[in-house]
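Input: a single structure, listed below in structure tokens.
In the text below, chain A, chain B and the rest are named by the order of the sequence lines, each starting its count at 1. What you are looking at is a predicted structure, and each value in this text was computed from that prediction instead of being measured.
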2 protein chains.
Amino acid sequence: MFDRQSPVPMYYQIEQYIEQLIENKNLQAGDQIPSERELTDHFHVSRMTVRQAIMELVNAGILVRIKGKGTFVANHYKIEKNLLGLDGFSEDMIRRGMTPGSQILDFSRTLPSSNVSKHLGLKTSEEVFEIKRVRLANDEPIGIEISYLPVRVFPELTEKKADPSLYQYIEKECGLKIHHAEQSLEASLVTNEEAEILKIPNGSPLLLIERCSFLESGQPIEQTLSLFRADRYKFTITLPRG
Amino acid sequence: MFDRQSPVPMYYQIEQYIEQLIENKNLQAGDQIPSERELTDHFHVSRMTVRQAIMELVNAGILVRIKGKGTFVANHYKIEKNLLGLDGFSEDMIRRGMTPGSQILDFSRTLPSSNVSKHLGLKTSEEVFEIKRVRLANDEPIGIEISYLPVRVFPELTEKKADPSLYQYIEKECGLKIHHAEQSLEASLVTNEEAEILKIPNGSPLLLIERCSFLESGQPIEQTLSLFRADRYKFTITLPRG
DNA sequence: CATATATAGTTGTCTAGACATCTATATATA
DNA sequence: TATATATAGATGTCTAGACAACTATATATG
């Protein structure tokens, strides 16, 4: 179970051991974990090594230290860990327990609007791929998504690769790591064309989400406009205070 | 500047020193900070002490360590620090550069609906304060807010204390610390009554935000339903990936 | 009984090293 | 010239202690 010869550092092995105690419910929220001295004896490592393991779990919001008393399992460690989720559509639907689906309406290579080129930081002559899709949840239309990606960044992009999951293509196939996204949410009304695609009455409300994704370097690499049926889609999020 | 006799631990003094280098632009995003060895010599402390200072700044998203190369100022440390904001209405408006305002439509003490009592974890007989307000931005109506607070938790609440900032009352006057909130956002249409209050046409879209605030203990203490004019209010947020 | 005081156990801070691993550069070799 | 090899310098992991500060309990004292 614990291997001093392993390339996996001891502090990390201890970290995983404590996390497993919590997962297995051997330790529950509010419980005190073994003291640093006890862990030192158990694993035959120095106290600083034990402290490194505990420190990482504290930083992850899983443990809470109280000076003079001990170290305890945090009350809300799941919230801290699973705070929110910058998800693509497919991930989002799976998290909601639904089956995601997709139908491509349009895949083309064009010059972007000024709004899109501004968000993506492109020169006026730079082309983008535009992907317009109907998004399905359990085979029913739930929203329309229009995504824009710079051709320069994704020269190999094809219709097949882009669907169903753009995030998967970007992260798995291109090896790019999305760092964060800026999102805005607002309410709107369907146009006639959109109403027909989504099979809802004219004048129905829509939740309009605009998302721009960035790499760690700060370079924007994707913009997506999503139009969700208000009767089928609600955006939820847990926000920390302060 | 640096005091070994101070009760402020050395690692924290070093932490503040590095943070100030960044604030003063002596170090900019992407710059390499002095190596652990250099800081050890500079402050006459052991390397583990320097490492603790750096570790904390890394965990705060301010620094990035690269093995074999060095430690660098993160590109987006402001995003990490200022990720989002669980704001009350007043704070939100100020952040947007507008002047918040408020008109109370109703302040009463009632039995809550089943939806509210479920969210607040109340027994069927427990009363709540209900506060209904028109929210103004630069003196124009921008939304309607209906807040619910358990009487048991806030027995002293009055109309005056609740307005204009409920969060301020909870945190400053009651000394309770809001830990996080669960929020949902969806699109909707105004009712006739709401349209009149907000001075917008019938059938206009609204952004409907439901918020439930919790203490660190997990106890829910406040629920607020907000109805914002879609033409005046857009919800923005920066989400980290992974 | 109530109040100090000692004591044990916990986390907090810090030391002065050690060897490993990774990056980048300079140097020697084919 | 191109390819190995050595080297310097950086972070990564770890040790075996030390004393300080805080909490809670047990004990002695008034």
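- Sequence neighbours left out, the pairs with a member in residues 161-176 of chain A that pass salt bridge (Lys or Arg N to Asp or Glu O under 4.0 Å) are A/Arg133-A/Asp163, A/Glu171-B/Arg241.
- Each of B/Ile54 and A/Pro9 has a nearest nucleotide on DNA chain D; the 5'-most of these lies closest to B/Ile54.
- Shown here are the side-chain contact (heavy atoms from CB on, under 4.5 Å) partners of B/Glu56, two or more places apart in sequence or in another chain: B/Tyr11, B/Glu15, B/Gln52.
- Residue pairs that meet the ring-ring contact (aromatic ring centres under 6.0 Å, His included) test with at least one member in residues 16-37 of chain B, sequence neighbours left out, are B/Phe2-B/Tyr17, B/Tyr17-B/His42, B/Tyr17-B/Phe43.
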- prompt: ring-ring contact (aromatic ring centres under 6.0 Å, His included) between A/Phe129 and A/Phe107: does it pass, once the steps are laid out?
  reply: CA-CA 7 Å; A/Phe129 286 112; A/Phe107 182 96; 5.5 Å; yes
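- Regarding B/Glu56, its CD atom lies at a distance of 12 Å from the C1' atom of C/dT13, rounded to whole Å.
- Scored by the side-chain contact (heavy atoms from CB on, under 4.5 Å) test, B/Ser35 finds B/Arg37, B/Glu38 as partners (sequence neighbours excluded).
- In this view, A/Tyr233 and A/Phe228 satisfy the ring-ring contact (aromatic ring centres under 6.0 Å, His included) rule, not counting sequence neighbours.
- Take B/Glu127 and apply the side-chain contact (heavy atoms from CB on, under 4.5 Å) test, not counting sequence neighbours, and it matches B/Arg109, B/Leu111, B/Val151.
- Residues from residues 32-45 of chain A that place a heavy atom under 4.0 Å from any atom of DNA chain C, listed by number: A/Ser35, A/Glu36.
- The side chain of A/Arg4 sits closest to D/dT15 out of D/dT11, D/dT15, C/dC14.
- A/Thr71 is linked by a side-chain contact (heavy atoms from CB on, under 4.5 Å) to A/Ile33, A/Ile54, A/Leu63, A/Arg65, counting only residues two or more places apart in sequence or in another chain.
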- prompt: What one-letter contact string describes nucleotides 17-27 of chain C from 5' to 3', where B marks a base within less than 4.0 Å of any protein heavy atom, S marks contact via sugar-phosphate atoms alone, and - marks no contact?
  reply: -B--BBSS---
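- In the set C/dT15, D/dT15, D/dT11, the nucleotide with an atom closest to the side chain of B/Thr71 is D/dT11.
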